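Predicted model only: the values in this text are computed from it and were never measured. Computed from heavy atoms alone, side chains included, the values below leave out hydrogens, waters and symmetry copies.
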Amino acid sequence: MTLSRRLFVTAAAGLAVTGVPGPAAALAGDRGRRIPVSPDDTEADLVRKASQVRPTARQIAWQRLERTAFLHFGVNTFTGLEWGTGDEDPDVFQPARLDTDQWAAALKDGGFRLAVLTVKHHDGFVLHPSRYTGHSVASSSWRNGQGDVLRSFTDSMRRYGLKVGVYISPADENQYLHGVYANGSARSPRAIPTLVPGDDRAPDRFHTLDATDYGAHMLNTLYEVLTEYGPVDEVWFDGAQGHIPSDKVESYDWDSWYTLVRALAPDAAIAVTGPDLRWVGNESGIAREDEWSVIPVKENQYGRTDWALSYDTPDEGSRAALVKAQPTTDYLQWWPAECDVSLRDGWFYHAGQQPKSVDDLTEIFFGSVGRNAVLLLNVPPDTDGLLHATDVVRLREFRERIDRELPRDLAQGARRTSAPDRVTLDLGRETEADRIRLAEDIRHGQQVENFVVEAFRDGTWTQVTAAGTIGASRILRLPVPVRARKWRLRVTRSRGAVRPAEFGLYRSEV
């Protein structure tokens, strides 16, 4: 996937459309998600505005998922490439034992709640029989041209209780070879869906959106995926341009794409080049020590949202970062981090590679879910169309390890007392704990900047650990167990009123 080599851009809304909500209506449920920044804002103004930013319902639902999966599957699985060329023979795609129920069962057993399938990678080969390209499963002899991986995938995920995500790469080497991608066409109103000869669809309405020739191709692909395969919970884009000459860059119609997604899948979170969630900035699955969900952003071409600071800056949202970014900031936005990493070295399956160890995956869990981010772990199906048996076992071992790391919340049933800057737990008896899990009620924003956790021992409150942000999830590991009856979370700095949602204590069984 090579995210680090891509141009990451995002967009928030569309341009003028007919038959689909315009920008204001499309974002009607997003009020409070972003707040404008003025050049005259002081540090106090910036902090106050940051404290007022709120997530949308779809962002809250997404952050609760914690562990999500990626499934990179396509012609690259059979050619051995990570980045396809677009001129592959579709007949190379031959997953003779495809079993998406096996995928879903393994992911569920691994503790995952959503899976994202590469419906189209940069090569342009699509995993459903699209009306708009010959580079698809329908052009393969696999299942006599009647195969539909996307159909199998969506049916299986829902059968096993997992949410559905789709990745449709903006890059398209095949459409470039056919003179559609980066052909210099002007943006103009396009009717979506664009009916083709023999088309038996009778849409209730057509959506008129500004797009280039390739932008319209993407809109039609999105329309198929979002209207024919049931509810979609995440739509995943990146900003890849493909291996094309630098003077052939396609300016993506982000505004129109997002407007269509909002119209057809209003509950879907749009990532990673999208207004709902952002790339954490690396491919190691590790978030920053203090990961903010409210960060400064700027708006670029066709409504896209981009980092006001660099995507890989070590500090995206502290007071210092807000001030540093102010000259290039248009908004403070709720834009939480997604941590992507592959179970194997590559994003697509390669027989010579082995999965990461349980210890490595555990560190990734605490470095992502434990730091106010959501983990996106890639598990690539093999050439048979199965998750490799070694990977299936590793996913189960990973879930079992996390279950032992956080076996039971010892604070359940504890007497809890709260004050504006602290929460005190009385467990009723002395108890050993070495894992602490915290969360803010993010419906009221992210407020905590610094905090300490203390234990009442020998007649006095003693600091056990301290950190910066909390957000939707913060998990701290103590080097040695601490034994105490009373525990206290004390916030030492915040942006606004703090509303703790979780204060859990655990004794690891590892």
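Closest approach of A240 and H122 over heavy atoms only: CB-CE1, 3.6 Å. Summarising the geometry of L343 relative to L377, their closest heavy-atom pair is N-CD1, 3.7 Å, with the distance given to 0.1 Å. The shortest non-hydrogen separation linking V452 to A466 is CG1-CB, 3.7 Å. When every heavy atom of P380 is checked against every heavy atom of W347, the shortest pair comes out as CB-O, 3.4 Å. Contact detail for D233 and L114: the closest heavy-atom pair is CB-CD1, 3.9 Å. For the pair D253 and T212, the tightest heavy-atom approach, listed with the atom from each and the gap, is OD2-N, 2.9 Å.
Taking the ring axis of F451 as reference, the NZ or CZ atom of R474 does not stay both within 45° of it and closer than 6.0 Å to the ring centre. Stacking of R495 on the aromatic ring of W292 is recorded, both the 6.0 Å distance cut-off and the 45° axial limit being met.
In this structure, OG1 on T42 lies 3.0 Å from CG on D45, to the nearest 0.5 angstrom. In this structure, S357 OG and E363 CD are separated by 9.0 Å, a value rounded to the nearest 0.5 Å. How far CD of E430 is from CZ of R457: 8.5 Å, rounded to the nearest 0.5 Å. Rounding to the nearest 0.5 Å gives a distance of 9.5 Å between CZ of R187 and CG of L209.
Ion pairing between R499 and E440 fails under the 4.0 Å rule for side-chain N and carboxylate O. Using a 4.0 Å cut-off between charged side-chain N and carboxylate O, R401 and D359 make a salt bridge. Looking at R437 and E66, a side-chain N of the basic residue comes within less than 4.0 Å of a carboxylate O on the acidic one, giving a salt bridge. Remark: D315 does not engage R288 in a salt bridge, criterion side-chain N to carboxylate O under 4.0 Å. Salt bridge annotation for D267-R262: absent, with no cationic side-chain nitrogen under 4.0 angstrom from a carboxylate oxygen.
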For residues 416-428, please give each side-chain donor-acceptor pair under 3.5 Å, one per line with the distance, not counting sequence neighbours.
residue: R416; atom: NH2; partner: P500; partner atom: O; Å: 3.4
residue: D426; atom: OD1; partner: G428; partner atom: N; Å: 2.9
residue: D426; atom: OD1; partner: R485; partner atom: NE; Å: 2.7
residue: D426; atom: OD2; partner: R415; partner atom: NH2; Å: 3.3
residue: D426; atom: OD2; partner: R485; partner atom: NH2; Å: 3.3

What side-chain donor-acceptor pairs closer than 3.5 Å can you find for residues 501-510, not counting sequence neighbours?
residue: R507; atom: NE; partner: E432; partner atom: OE1; Å: 3.2
residue: R507; atom: NH1; partner: D434; partner atom: OD2; Å: 3.3
residue: S508; atom: OG; partner: V510; partner atom: N; Å: 3.1

Return a table of donor-acceptor pairs under 3.5 angstrom between the side chains of residues 364-376 and protein atoms on other chains or two or more places apart.
residue: S368; atom: OG; partner: I364; partner atom: O; Å: 2.7
residue: S368; atom: OG; partner: F365; partner atom: O; Å: 3.3
residue: R371; atom: NH1; partner: A287; partner atom: O; Å: 2.9
residue: R371; atom: NH2; partner: E289; partner atom: OE1; Å: 2.9
residue: N372; atom: OD1; partner: A472; partner atom: N; Å: 2.8
residue: N372; atom: ND2; partner: E291; partner atom: O; Å: 2.9
residue: N372; atom: ND2; partner: S293; partner atom: OG; Å: 3.1

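Side chain of R477 to backbone of R435: no donor-acceptor contact under 3.5 angstrom is found. Of the possible polar contacts, none joining the T118 side chain to the H121 backbone as a donor-acceptor pair under 3.5 Å is found. A side-chain donor-acceptor contact under 3.5 Å links S256 to the backbone of D210. Proximity of a side-chain donor or acceptor of Q447 to a complementary backbone N or O of S51 within less than 3.5 Å is detected. No donor-acceptor pair closer than 3.5 Å links the side chain of Q333 to the backbone N or O of P296. Panel note: side chain Q326, backbone S38; a donor-acceptor pair is recorded below 3.5 Å.
The number of heavy-atom neighbours closer than 6.0 Å to CZ of R408, taken from other residues, nucleotides and ligands shown, is 12 or below. Applying the 6.0 Å contact sphere to NZ of K298 captures more than 12 heavy atoms from other residues, nucleotides or ligands.
Relative ring orientation between W103 and F73 is described as perpendicular, the plane-to-plane angle rising above 60° on a 0-90° scale split at 30° and 60°. Aromatic ring orientation, F112 versus F398: tilted (interplanar angle from 30° to 60°). Note on ring orientation: taking the six-membered ring where Trp is involved, the planes of F237 and W254 are perpendicular (angle over 60°, cut-offs 30° and 60°).
Residues W461 and F456 place their aromatic rings such that the two centres sit under 6.0 Å apart. A ring-centre distance under 6.0 Å is found for W257 and Y252.
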Decide side chain to side chain donor-acceptor pair (under 3.5 Å) for W236 and E338; before the verdict, give the C-alpha distance in whole Å, the side-chain angles of both, and the deciding distance to 0.1 Å. CA-CA 11 Å; W236 208 98; E338 182 178 72; 2.7 Å; yes
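A side-chain donor from one of D340 and W279 sits under 3.5 Å from a side-chain acceptor of the other. A side-chain donor from one of D312 and S310 sits under 3.5 Å from a side-chain acceptor of the other.
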